[in-house]
*Asks:* 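Pasting in a structure now, in structure tokens, and then I'll have a few things to ask.
What's counted below: heavy atoms across the whole structure, side chains too, no hydrogens, waters or symmetry copies.
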Amino acid sequence: MSAFWGELIGTMILIALGGGVCAGVALKRSYAANSGWIVIAMGWGLAVAMAAYAVGPISGAHLNPALTVGMALIGKFPWADVPAYIAAQLLGAMAGAALVYLHYLPHWKLTEDAAAKLGVFATGPAAPHLFGNLISEIIGTFILVLVILAIGANELTAGLGPFIVGFLIVSIGLSLGGTTGYAINPARDLGPRIMHMLLPIPGKGGSNWAYAWVPVAGPMIGGALGGLFYKTVFLGQADTLVWVVSGIVLVIVIIALLTSRRDGKVSAQARL
């Protein structure tokens with residue numbers, strides 16, 4: 001099997017299991033209905049681990065454009081292979097979302113809540129604030145890529161790596177995922193969101209495209225910053241790109257803070 005098909009199938013497994021746990025918790029008449037955030041975080045962590053075990057020897061199991069680009073930026077992955085990997089990841093995510101739709105076929109009609117149906121496929125903010133939500137995705141993906149690279153520097157028992165990365169996903173979900181649903185992966189959000197738009201889901205409502213850029217841009221920035229930070233700080237190899245990406249993040253943080261202050265003043269005036 002080629003690396004392209006490895007990434008496609010691995011991402012399909014990731015979304016089938018990760019989206020599947022979201023569906024189980026969110027959809028009516030599922031035995032897992034309303035079982036909560038810890039179940040979702042554990043489900044996603046295990047999904048990443050199982051997908052990595054399945055295709056790690058074939059493609060390296062990136063399963064995430066942010067990780068692919070982050071590794072390419074620091075010379076750990078060839079740029080020539082980046083477009084094919086990202087294409088495979090997006091197609092795999094779409095295929096995985098289709099499997100979730102088919103698996104839970106009777107439950108879509110039984111669930112009236114359109115937002116719950118969208119949440120099976122794509123992430124959304126708990127407290128809508130575009131710049132604040134963007135920062136959440138940047139931070140979550142920064143931690144993801146940085147720690148994955150750091151884990152790779154350890155001497156581990158053969159076959160243990162995917163299991164540890166799975167627990168990293170659980171940790172990010174429990175600690176940082178409550179703000180935006182922690183996409184931390186552009187393909188994980190964009191591919192299923194496209195399928196939500198295309199599939200004949202009863203009463204599904206809109207796909208919230210106004211927000212869709214956040215779980216794409218945030219993880220790409222965070223992944224790049226995580227990779228460059230690891231190269232500069234952990235490996236001691238100075239890279240001017242880290243300052244460029246850091247500058248972008250700083251501008252975003254400043255805008256977010258100014259926006260928050262403005263929104264706070266508007267809310268205060270409205271109360272008066």
*Asks:* Do Ile9 and Met12 come within less than 4.5 Å of each other through their side chains, counting heavy atoms only?
*Replies:*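 A side-chain contact under 4.5 Å exists here.
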*Asks:* Are Lys28 and Glu112 packed together at the side-chain level, in the sense that at least one heavy-atom pair is separated by less than 4.5 angstrom?
*Replies:*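 In contact.
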*Asks:* Could you check whether atom CZ of Phe163 has more than 12 heavy atoms from other residues, nucleotides or ligands sitting under 6.0 Å from it?
*Replies:*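 Count not over threshold, so no.
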*Asks:* Quick check: is Leu46 connected to Ile184 through a chain of hydrophobic side chains (ILVMFWY, heavy atoms under 4.5 Å apart)?
*Replies:*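 They do not share one cluster, since no chain of ILVMFWY contacts under 4.5 Å joins Ile184 to Leu46.
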*Asks:* Show your reasoning for whether side chain to side chain contact (heavy atoms under 4.5 Å, CB included) applies to Leu99 and Tyr104.
*Replies:* CA-CA 9 Å; Leu99 291 179; Tyr104 284 91; over 6 Å; no
*Asks:* Taking atom CG as the centre, does Asn34 end up with more than 12 heavy-atom neighbours from other residues, nucleotides or ligands that are less than 6.0 angstrom away?
*Replies:*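 No - once you tally the heavy atoms of other residues, nucleotides and ligands closer than 6.0 Å, there are 12 at most.
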*Asks:* Supply the atom-to-atom distance Ile139 CD1 to Ile143 CD1, rounded to the nearest 0.5 angstrom.
*Replies:*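 Between atom CD1 of Ile139 and atom CD1 of Ile143 there are 8.0 Å.
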*Asks:* Rounded to the nearest 0.5 Å, what separation is found between the CE atom of Met42 and the CG atom of Leu174?
*Replies:*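 Rounded to the nearest 0.5 Å, the CE-CG separation comes out at 8.5 Å.
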*Asks:* Look at the side chain of Arg29 and the backbone N and O of Leu110, then say whether any donor-acceptor pair between them is shorter than 3.5 Å.
*Replies:*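 No, because the side chain of Arg29 does not come within donor-acceptor range (under 3.5 Å) of the backbone of Leu110.
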*Asks:* Keeping Asp189 on the side-chain end and Pro215 on the backbone end, is there a donor-acceptor pair under 3.5 Å?
*Replies:*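 No, because the side chain of Asp189 does not come within donor-acceptor range (under 3.5 Å) of the backbone of Pro215.
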*Asks:* What I'd like to find out is whether the side chain of Leu91 reaches to under 4.5 Å of the side chain of Thr11, using heavy atoms alone.
*Replies:*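 They are not in side-chain contact.
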*Asks:* Treating Trp37 as the side-chain partner and Gly173 as the backbone partner, does any N or O pair qualify as donor plus acceptor under 3.5 Å?
*Replies:*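 Between the backbone of Gly173 and the side chain of Trp37 there is a qualifying donor-acceptor contact (under 3.5 Å).
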*Asks:* How far apart are the closest heavy atoms of Tyr85 and Ser59, and which atoms are they?
*Replies:*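 Reported closest heavy-atom pair: OH-O, 2.7 Å.
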*Asks:* Hey, are the side chains of Leu130 and Trp213 touching, using non-hydrogen atoms and a 4.5 Å cut-off?
*Replies:*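 They are in side-chain contact.
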*Asks:* Do you know the tightest heavy-atom contact between Ala126 and Gly178?
*Replies:*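 Looking at all heavy atoms of both residues, the closest pair is CB-O, 3.5 Å.
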*Asks:* Rounded to the nearest 0.5 Å, what's the gap from CD1 on Ile201 to CG on Leu105? Could you check?
*Replies:*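 Going from CD1 on Ile201 over to CG on Leu105, the span is 10.0 Å.
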*Asks:* Is any side-chain heavy atom of Pro125 closer than 4.5 Å to a side-chain heavy atom of Thr179?
*Replies:*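 No, every pair of side-chain atoms sits at 4.5 Å or beyond.
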*Asks:* Hydrogens and angles aside, do Thr180 and Asn133 bring a side-chain donor and acceptor to less than 3.5 Å of each other?
*Replies:*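 Their side chains do not contain a donor-acceptor pair, so the 3.5 Å distance test is not met.
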*Asks:* Given His196 and Tyr101, is the ring-ring contact (aromatic ring centres under 6.0 Å, His included) satisfied, shown in steps?
*Replies:* CA-CA 9 Å; His196 176 270; Tyr101 165 73; over 10 Å; no
*Asks:* Is there a side chain to side chain contact (heavy atoms under 4.5 Å, CB included) between Gln89 and Ile86 once you walk through the steps?
*Replies:* CA-CA 5 Å; Gln89 291 154 0; Ile86 292 177; 4.0 Å; yes
*Asks:* Are any non-hydrogen side-chain atoms of Leu63 and Val55 less than 4.5 angstrom apart?
*Replies:*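 Answer yes - side chains close enough.
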*Asks:* Please answer whether the main-chain N or O of Met197 pairs with a side-chain N or O of Lys204 as donor and acceptor at a distance below 3.5 Å.
*Replies:*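 Answer holds: yes.
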*Asks:* Among side-chain atoms of Gln237 and Thr232, is any donor-acceptor pair under 3.5 angstrom?
*Replies:*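 Not at all, the side chains of Gln237 and Thr232 share no donor-acceptor pair under 3.5 Å.
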*Asks:* Hey, does the side chain of Arg188 reach the backbone of Gly18 with a donor-acceptor pair shorter than 3.5 angstrom?
*Replies:*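 Side chain of Arg188 to backbone of Gly18: no pair is present.
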*Asks:* Working to the nearest 0.5 Å, report the span between OG of Ser136 and CG of Leu176.
*Replies:*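 Separation between the atoms: 8.0 Å.
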*Asks:* Write down the atom of Met71, the atom of Leu149, and the distance for their closest heavy-atom approach.
*Replies:*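 That closest heavy-atom pairing would be CG-CD2, 4.3 Å.
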*Asks:* Test of understanding: clusters of I, L, V, M, F, W, Y form through side-chain heavy atoms closer than 4.5 Å, transitively. Do Trp44 and Leu118 belong to the same one?
*Replies:*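 No, Trp44 does not connect to Leu118 through the hydrophobic network.
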*Asks:* Tell me whether Asn64 contacts the main-chain N or O of Ala66 through its side chain, where contact means a donor paired with an acceptor under 3.5 Å.
*Replies:*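 Looks like yes, one N/O pair under 3.5 Å.
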*Asks:* Just by distance, do the side chain of Glu7 and the backbone of Ala88 share a donor-acceptor pair under 3.5 Å?
*Replies:*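 Checking the backbone N and O of Ala88 against the side chain of Glu7, no donor-acceptor pair under 3.5 Å is found.
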*Asks:* Is there a side-chain contact between Leu67 and Phe77, using heavy atoms and a 4.5 Å cut-off?
*Replies:*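 No, their side chains stay 4.5 Å or more apart.
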*Asks:* Taking all non-hydrogen atoms of both residues into account, name the closest pair between Asn185 and Pro65 and its distance.
*Replies:*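 Result for this residue pair: OD1-CD, 3.3 Å.
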*Asks:* Identify the two heavy atoms, one from Tyr182 and one from Ile169, that lie closest to each other, and give their separation to 0.1 Å.
*Replies:*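 For Tyr182 versus Ile169, the nearest heavy atoms are CE1-O, 3.7 Å.
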*Asks:* Is it the case that atom CD1 in Ile38 sees more than 12 heavy atoms from other parts of the structure closer than 6.0 Å?
*Replies:*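 Result for CD1/Ile38: open.
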*Asks:* Without swapping roles, check the side chain of Ser175 against the backbone of Ser171 for a donor-acceptor pair under 3.5 Å.
*Replies:*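 Such a contact is found between Ser175 side chain and Ser171 backbone.
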*Asks:* With side chains defined as the heavy atoms from C-beta onward, is the minimum distance between Arg193 and Tyr211 less than 4.5 Å?
*Replies:*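 Arg193 reaches Tyr211 side chain to side chain.
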*Asks:* If you draw a 6.0 Å radius around CH2 in Trp5, do more than 12 non-hydrogen atoms from other residues or ligands fall strictly inside?
*Replies:*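 Not buried by this count: 12 neighbours or fewer within 6.0 Å.
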*Asks:* Measuring from atom CD1 of Ile151 to atom CG of Leu146, what distance do you get when rounded to the nearest 0.5 angstrom?
*Replies:*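 Interatomic distance, Ile151 CD1 to Leu146 CG, rounded to 0.5 Å: 9.5 Å.
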*Asks:* Search all heavy atoms of Pro192 against all heavy atoms of Ile15 and return the closest pair with its distance.
*Replies:*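 Closest pair (atom of Pro192, atom of Ile15, distance): CG-CG2, 3.9 Å.
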*Asks:* How long is the gap from OG1 on Thr123 to CG on Asn208, to the nearest 0.5 Å?
*Replies:*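 Thr123 atom OG1 to Asn208 atom CG measures 9.0 Å (nearest 0.5 Å).
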*Asks:* Apply the test side chain to side chain contact (heavy atoms under 4.5 Å, CB included) to residues Ile74 and Leu235: give CA-CA distance (whole Å), side-chain angles for both, the deciding distance (0.1 Å), then the verdict.
*Replies:* CA-CA 10 Å; Ile74 64 173; Leu235 301 182; 5.7 Å; no
*Asks:* Output yes when a side-chain donor or acceptor of Lys117 lies under 3.5 Å from a complementary backbone atom of Trp108, and no otherwise.
*Replies:*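 The answer is yes, because a donor-acceptor pair under 3.5 Å joins these two groups.
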*Asks:* Looking at Ser30 and Gly24, would you say the former's side chain and the latter's main chain have a donor-acceptor pair under 3.5 Å?
*Replies:*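 Confirmed, Ser30 side chain pairs with Gly24 backbone.
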